[in-house]
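All remarks here apply to the structure that follows.
Ligands are counted one by one from 1 in listed order, and the atoms in each one are counted from 1 as well. Heads up: numbering here begins at 1 and tracks the sequence.
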Amino acid sequence: MKTKFIKHNRKVNNFYNNDQEIGELKMKYDSASVGSEVKRFEDMPLSQKTLNGLLDSNYIEATDIQRNGILPALIGKDVMGTAVTGSGKTLAFLVPVIEHLFINKWSRSDGVCAIVISPTRELAYQIFETLKRIGRYHDFSAGLIIGGKNLKYERNRMDQCNILICTPGRLLQHMDENPLFNASTMELLVLDEADRCLDMGFEETLNAIIENFPTERQTLLFSATQTHSVKDIARLNLRDPIFIGSKKDNSKDIIPILLQQNYVVIELADKITVLWSFINNHLKQKMIVFFTSCKQVKYVFEIFCKLRPGTSLLALYGSLHQDRRIAIYNDFTRKSNVVLFATDIASRGLDFPTVNWVVQMDCPEDAVQYIHRAGRTARNKARGESLLVLTPSEESGMIRELRTCNIQIQKIHIDPKKLFSPRLKIEAALAQNTELKASAQRAFLSYIKSVFLMKNKNVFNVFNINFESFAISLGLAVTPRVRFLERLSKKKNSSVSNSLDEPNNFMQDDSDNDDFLSVKRIDHDLVNTANVPIDLPKRTKVLTKAAVAKRAIRKKIKINEKMNFDDEGNVIIDKRRQLQYELPTDYGKNAGGINIEVAKRILSQEDKYDKERFRELVKYRHKKQKDKLKKLADEDPKTDDAYSESDDNVDLTWLPDPDKIYISNPKRAEKREASQINIDDREERTIKKVKFTSELSLNDAELIAAKILSYKA
Ligand code: ADP
Ligand code: MG
């Protein structure tokens, strides 16, 4: 997590004190108007600090979605905002978030107030960067909580953040594992790219997250392709939401006016030649090229780098390390003549400046995916061009789907004189480099798998692919075997011979009882997309945990038991490593086998105990750190200016004591107290232990906390 404690800037005109300004703003809410009458941010009832932040970033005139969306959100309404890609939705929700904290006098000690959820890490990072810019004059703290970062670092700082920008998977992980994270104070939830957050891929994760939120809250949903599902509205507990922006299925409202949309139809085997030629004909442009899978992106990037096209190449895909992903994101943002090969992690929300072209090398899953990919260009009233590449078998189905959404796309033809085939060079490169050859094979298979997994069988039919020529186009002399299809064919053939009535063309069979053909979009947080478990290994006898446990009980082996002895050879009993509740004693008496239900109850009780202890330890550590800083500040008054942005060592001495400055909000105090009842009502035993640990050094306390977390009953 990046935590930025946004420093109060003394240059701000502090003529008003906060209370006076808040009072005036609240009065303005009732009389303020929305829509075309409001042209500039200045015309909106916003705090001076927010206006200064906006001004610094040159945000002066508000866009339509900002004009219409900010005021309803300010007065506490639930909002569903729909607006074309690149029309400024980020500010439409960030401004109300900041103002909500300001108006409600939120202080750092009040905990988390607003949570913004984004479907991808890069988008979360981008929102966080925007928040840092426009919120720079406020005193709140914000955290970026995304996967691939240091979990322990995030864990210890989450309770100090007022605004969290997160991806769903990581947020849920903290909710499940981090006893310090307390969402009960949360008042505002934002889903950016809301339809994506709510779709099947994140369904389970998001449902689990929502369960942890208070039902009394404000919810803002934003996307270019908004959800219209009653089920989603009910899931989120929206209260009389205000719908802002474009109407459903009106292409004018979802495709930027200045986006020129074209498509070409070519054979799959010609894609590499067409892409190579296209890049060579547009060397002075900035473009994003979308492929379906990580392995394709990786291979095309590797082989094109070898061929040296005369422009910078970058690749962004999910299996890269997170730091690398952010570096590539920043690189592409900065450069002007550059090609980015990407999977759909780059298709939602990312705002790269001045992208001239978006090329969709692989057919998108549906019109929504098409809109978001194409929307990476022609943003915020700029011009842009999009090229969709279709194979002959995909053309009619996909174009029909786009036309039903009123998307006007023109067919164009490629001038064969402008095509240069890099095939010979690719073959030579693969002959010299086995790693590259393996990468080509992986790209080949992952494309076929991705086509196979697509839901719309009118567009995607794996048996329309000429495997041999596709393999040759990737530089592979020998066509790799597609084992999962061979296995499926075998399975189908045997079932055909069993029942002559069944249709033998199984690609037409979309019935629900066929596992393979009813594959839906997988849960991205629970399963790695790249490893869709199609190639199941042959069945071997599985040694279950229950079997191992039974054997251990039979042989009276105590698993994972560690004994410590004192100097006299007596066993030291560490009570902290023993089960704490009554139930286990009874459970131990029931010899023979494992009662899963009882075991679950024990685990959940022990888990509660562990979390309480851990929370205490970390609180103690924070208190000690705070005392230390206070002592330092008392000793050396100069430390008042010693503000540091370092993530590792944040000097908070310049901060005033929030409890003295802010009039504490009784409702919030109640919530925080309620969440601490468990701690105060602990059994005597627990208190004793905390007392004991309070004499430990910081390092020891951390060690014990880590042991508790890894400890399993
Ligand atoms: P969306 O989320 O609707 O796709 P973004 O919020 O990413 O769009 O904004 C697209 C671009 O427009 C960004 O570069 C942003 O800085 C710019 N932008 C947004 N609002 C304004 C504004 N009021 N004035 C000028 N530029 C703006
Ligand atoms: Mg956006």
Could you pull out every donor-acceptor pair under 3.5 Å between side chains of residues 87-95 and any protein atom, sequence neighbours left out?
unit_1, atom_1, unit_2, atom_2, d
S87, OG, V84, O, 2.6
K89, NZ, A83, O, 2.8
K89, NZ, V84, O, 3.1

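- Between C113 and H100, the closest side-chain pair of non-hydrogen atoms falls below 4.5 Å.
- Counting only heavy atoms of the protein, atom 16 (O) of ligand 1 lies nearest to Y59 OH, 2.8 Å.
- Taking atom 26 (N) of ligand 1 as the reference point, the nearest protein heavy-atom neighbour is N380 ND2, 3.4 Å.
- For the pair L54 and ligand 1, no heavy-atom separation below 4.0 Å is found.
- How far CD of E204 is from CG of L172: 10.5 Å, rounded to the nearest 0.5 Å.
- Less than 4.0 angstrom separates some heavy atom of F41 from each of these atoms of ligand 1: 23 (N).
- Atom 3 (O) of ligand 1 has its closest protein heavy atom at K89 NZ, 2.8 Å.
- Taking the charged nitrogens against the carboxylate oxygens, E193 and R348 do have a contact shorter than 4.0 Å, which makes a salt bridge.
- Near S87, meaning under 4.0 Å from any of its heavy atoms, are these atoms of ligand 1: 1 (P), 3 (O), 8 (O).
- For the pair R40 and D43, the salt-bridge criterion is not met [side-chain N within less than 4.0 Å of a carboxylate O].
- Those atoms of ligand 1 with a heavy atom of D351 less than 4.0 angstrom away are 7 (O), 10 (C), 11 (C), 13 (C), 14 (O).
- Checked against N68 for a side-chain contact (heavy atoms from CB on, under 4.5 Å), the options I242, V38, I244 give a single hit: I244.
- Taking the six-membered ring where tryptophan is involved, the planes of F332 and F352 are perpendicular, since the angle between them exceeds 60° and thus also 30°.
- At the shortest separation from atom 4 (O) of ligand 1 among protein heavy atoms lies G86 N, 2.7 Å.
- For R383, the CZ atom is loosely surrounded, since the number of other residues' heavy atoms within 6.0 Å does not exceed 12.
- Heavy-atom contacts of L91 reach the following atoms of ligand 1: 20 (N) (cutoff under 4.0 Å).
- Ring-plane geometry between F291 and F341 is classed as tilted, the angle between the planes lying from 30 to 60 degrees on a 0 to 90 degree scale.
- Look at F222 and you'll find every heavy atom at least 4.0 Å from all atoms of ligand 1.
- Set against the non-hydrogen atoms of V84, the atoms of ligand 1 under 4.0 Å away are 3 (O).
- Of the charged side-chain nitrogens involved, at least one lies within less than 4.0 Å of a carboxylate oxygen, so that E122 and R325 count as a salt-bridged pair.
- Listed by number with element, the atoms of ligand 1 under 4.0 Å from a non-hydrogen atom of T90 are 2 (O), 5 (P), 6 (O), 7 (O).
- Contacts between Q66 and ligand 1, counted as non-hydrogen atom pairs separated by less than 4.0 Å, involve the side chain only.
- Salt bridge present: D351 and R379 bring a charged side-chain N and a carboxylate O closer than 4.0 Å.
- Ligand 1 places these atoms under 4.0 Å from at least one heavy atom of E61: 22 (C), 23 (N), 24 (N).
- For atom 7 (O) of ligand 1, the closest non-hydrogen atom of the protein is R379 NH2, 3.0 Å.
- Any N or O atom pair closer than 3.5 Å counts here, and Q126 shares no such pair with ligand 1.
- Ligand 1 has a nitrogen or oxygen under 3.5 angstrom from a nitrogen or oxygen of G88.
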